[in-house]
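Have a look at the structure below, then the notes.
Whatever order the structure lists them in is the order used to number ligands and atoms, beginning at 1. The structure displayed is predicted, hence computed values, not measured ones.
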Amino acid sequence: MEFETKCLHAGYQPGNGEPRVLPITQSTTYTYGSTEEIGKLFDLEEAGYFYTRLANPTTGAVEEKIAALEGGVGALCTASGQAATFYALLNILETGDHLISSSYIYGGTYNLFAHTFRKMGIEVTFVDQDASQAELLQAARPNTKAIFGETIANPAIKVLDQEKFAAVAKKLAIPFIIDNTFATPYFCRPFEFGADIVVHSTTKYLDGHAVQTGGVIVDGGTFDWNNGKFPQLSEPDETYHGIVYTEKFGNAAYITKARVQLMRDLGAAPAPQNSFLLNLGMETLPVRMDRHYQNALAVAEFLTKQPAVKQVYYPGLKTDENYSLAQKYVPNGLCGVISVEFAAGKKAAAKWLDTLKLVSLEVHVADIRTCALHPATSTHRQLTDEELLQAGISPGLVRLSCGIENVNDILADLQQAFDKLEG
Ligand SMILES: *Cc1c(COP(=O)(O)O)cnc(C)c1O
């Protein structure tokens, strides 16, 4: 099946007389005829549903669809993108381990790494993703267990050189984990560039309608966990009578462990209703993304012509410093999100935002409705000025998320706000 077809048909193929639309299995539990059958499920001897925290038919269909879209061997849905990133790393990192991360990442991920991980005894080194391979390797330690970045960084809108990160990961025999939220698998499939694990906030484009929060971890199935660095996967798990994930589950060891161990113990499972809504959104992903991209490109071009604007960050623009990286990694289109820096700084940015009418002020991005946000006073509010600059955010930076309205209406609203700014 081609990508667009998978968006509609992967994960759920009804049989005779079954619902055409993926049904919501709104049930926490599932019945069996004997204790022996249930016992087999608990021993991981047989696959099957027994409790919705671990697996649910509606969520399972969505997981299968996302794995198919990314080209992975399996996926695990979580209750939010934050939970997905957390579990993806906690699945292989423990106290005393070290992580290398691009500094251009989502504010919530930055907080998780810089503060919560530190409390857990996991150290993180933030690197400039534009540094050379040799410089990136200098950040490595004997206890480094993963390298992390975002396909298109939120909110800096920088494109990651994935092959460079993959090469660093290969040299260190560690996985390259990438957050593909802003590109979506429609525009970029990081497994094709050497990523090992993909995470998403499905709250954003995969859903697209701003109706559910969710996350997903996708396993590429190609990383060799048996290299001595990952005993969590290659040595017995006493909580399952000593099973060894790499032996029992082969190339699905990582994603199976995340489900049967982390989801069992930590429990950030999505609601079946939310999985249903996410599935509805994904059915139209390709159509929406093409329009987000067309609108954003037109808006970005318009913004570059405004005297009040100091800089527009959108790698679809030929003048953007990441244009050539975008041509390589996201050649068919980009997200709808643009970052705009106001020449007169924070006050001008705030005034412009306050006069927008159609475009709403929201703590959200990647919605079908155009929305805008001021990171320095919202999502990235907890960061110090120094941390803000390291994450590519200046006080006058506005994150504009272009929706799928008629672009003329978006442009007219932005124009009237610029007119008021000058007046
Ligand atoms: C929003 C976002 C997250 C966090 O996801 P939630 O669903 O809000 O928990 C992680 N990464 C990126 C790139 C995001 O935009």
Side-chain angles (χ1 to χ4, degrees), residues 59 62 66 70 75-90 99 101-117 124 126 129 148-160 162 177-188 190 195 197-218 266-271 274-275 277-278 281-282 289 292 296 313 315 329-330 334-339 362-367 371-373 375 378-383 391-393 397 399-402:
T59 304
V62 170
I66 297 175
E70 286 286 3
L76 174 69
C77 282
T78 58
S80 70
Q82 282 301 107
T85 307
F86 182 47
Y87 287 12
L89 288 158
L90 196 66
L99 166 72
S101 172
S102 164
S103 61
Y104 293 108
I105 50 173
Y106 173 68
T109 310
Y110 183 87
N111 280 334
L112 170 68
F113 291 175
H115 303 292
T116 301
F117 272 14
V124 183
F126 292 99
Q129 65 182 33
F148 182 92
E150 293 180 5
T151 311
I152 302 171
N154 174 9
I157 316 297
K158 282 174 70 76
V159 179
L160 183 70
Q162 297 181 36
I177 304 181
I178 188 163
D179 182 333
N180 195 33
T181 299
F182 269 26
T184 82
Y186 179 57
F187 284 143
C188 181
I197 306 294
V198 167
V199 296
H200 280 273
S201 165
T202 62
T203 314
K204 312 294 166 54
Y205 287 116
L206 291 185
D207 162 345
H209 299 72
V211 289
Q212 59 92 49
T213 55
V216 70
I217 308 169
V218 193
L266 301 174
N274 281 358
S275 297
L277 292 169
L278 172 57
M282 285 195 298
M289 292 313 292
H292 279 296
Y313 300 92
Y329 292 105
V330 277
L334 289 147
C335 58
V337 186
I338 303 168
S339 276
E362 288 171 29
V363 182
H364 193 45
V365 283
D367 187 1
C371 57
L373 177 90
S378 56
T379 49
H380 290 65
R381 199 180 172 89
Q382 276 82 16
L383 272 63
I393 299 154
L397 193 81
R399 194 176 63 178
L400 183 63
S401 174
C402 297

Which heavy atom in [X] sits nearest to a heavy atom in [Y], and how many Å separate them?
X: Cys335; Y: Phe182; result: CB-O, 3.1 Å
X: His292; Y: Cys402; result: ND1-O, 2.7 Å
X: Gln129; Y: Leu160; result: OE1-CD1, 3.4 Å

Exercise. Between Tyr186 and Tyr205, does the ring centroid distance fall short of 6.0 Å?
Worked result: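 Centroid distance Tyr186-Tyr205: not below 6.0 Å, so no.
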Problem set entry | Neighbour list for ligand 1 [protein residues, heavy atom under 4.0 Å] |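 Only Ser80, Gly81, Gln82, Tyr106, Glu150, Asn154, Asp179, Thr181, Phe182, Ser201, Thr203, Lys204, Gly214 have heavy atoms that fall under 4.0 Å of ligand 1, ordered by chain and number.
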Problem set entry | Sub-4.5 Å side-chain heavy-atom contact between Leu99 and Leu89 |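 Sidechains of Leu89 and Leu99: in contact.
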Exercise. Taking it one step at a time, do Gln382 and His115 satisfy side-chain hydrogen bond (donor to acceptor under 3.5 Å, both in side chains)?
Worked result: CA-CA 11 Å; Gln382 276 82 16; His115 303 292; over 6 Å; no
